[in-house]
Amino acid sequence: MPIDLTPYLEREYEVDCDGQILKLKPVKAWVLAPKGRKGVIIGLFKCPNGKTVRKALGKTEQPVE
DNA sequence: ATAATTTG
DNA sequence: CAAATTAT
């Protein structure tokens with residue numbers, strides 16, 4: 001069973017949009033981890049200025065396939 | 001270097 | 001097709 005990403009999608013994060021820190025919810029989130037190693041949860045944010053920003057939302061505890 | 005994913 | 005994202 002993969003990691004549940006919905007809690008990450010519902011929470012807001014401070015992202016740097018054009019030098020301004022805005023609290024946004026990620027459009028999408030996924031696990032970024034090499035095989036057999038720990039990794040991070042990446043969130044994809046869309047700023048009002050049209051820029052796209054990726055930020056780490058958290059880290060994966062242990063390798064889960 | 002490696003992983004997934006989207007945008008420029 | 002390359003950049004960017006972060007921790008191992």
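We name chains A, B, ... by the order of the sequence lines, and we start the count at 1 in each one.
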Hey, what do you get for CG (A:L24) to CG (A:L44), rounding to the nearest 0.5 Å?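 It is 11.0 Å, given to the nearest 0.5 Å.
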Gap between atom CD of A:E14 and atom CZ of A:F45 - 0.5 Å precision: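 Rounded to the nearest 0.5 Å, the CZ-CD separation comes to 10.5 Å.
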Tell me: [atom1] of [X] to [atom2] of [N], nearest whole Å?
X	N	atom1	atom2	value
A:L44	C:dT5	CG	C1'	10 Å
A:K46	C:dA4	NZ	C1'	15 Å
A:K28	B:dT5	NZ	P	8 Å
A:L5	B:dA4	CG	P	14 Å
A:E14	C:dT5	CD	P	17 Å
A:L32	C:dA4	CG	P	15 Å
A:W30	C:dA7	CH2	P	15 Å
A:K59	B:dA4	NZ	P	21 Å

Side chain of A:T60, backbone of A:K38: donor and acceptor closer than 3.5 Å? no
Which part of the nucleic acid does A:G50 contact within heavy-atom distance under 4.0 Å: base, sugar-phosphate only, or nothing? sugar-phosphate
Contact class for A:V31 (heavy atom, under 4.0 Å): base, sugar-phosphate, or nothing?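 Sugar-phosphate contact only.
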Side-chain-base donor-acceptor pair under 3.5 Å for A:R37 and B:dT2: no
Looking only at the side chain of A:V40 (C-beta and beyond, no hydrogens), which of the listed nucleotides C:dT6, C:dT8, B:dT7 gets closest? C:dT6
Checking A:C47 against A:T52 for the side-chain contact (heavy atoms from CB on, under 4.5 Å) test, could you report, in this order, the C-alpha distance in whole Å, the side-chain angles of both residues, the deciding distance, and whether it holds? CA-CA 6 Å; A:C47 292; A:T52 333; over 6 Å; no
Distance below 4.0 Å between A:K35 side-chain N/O and B:dT2 OP1 or OP2: no
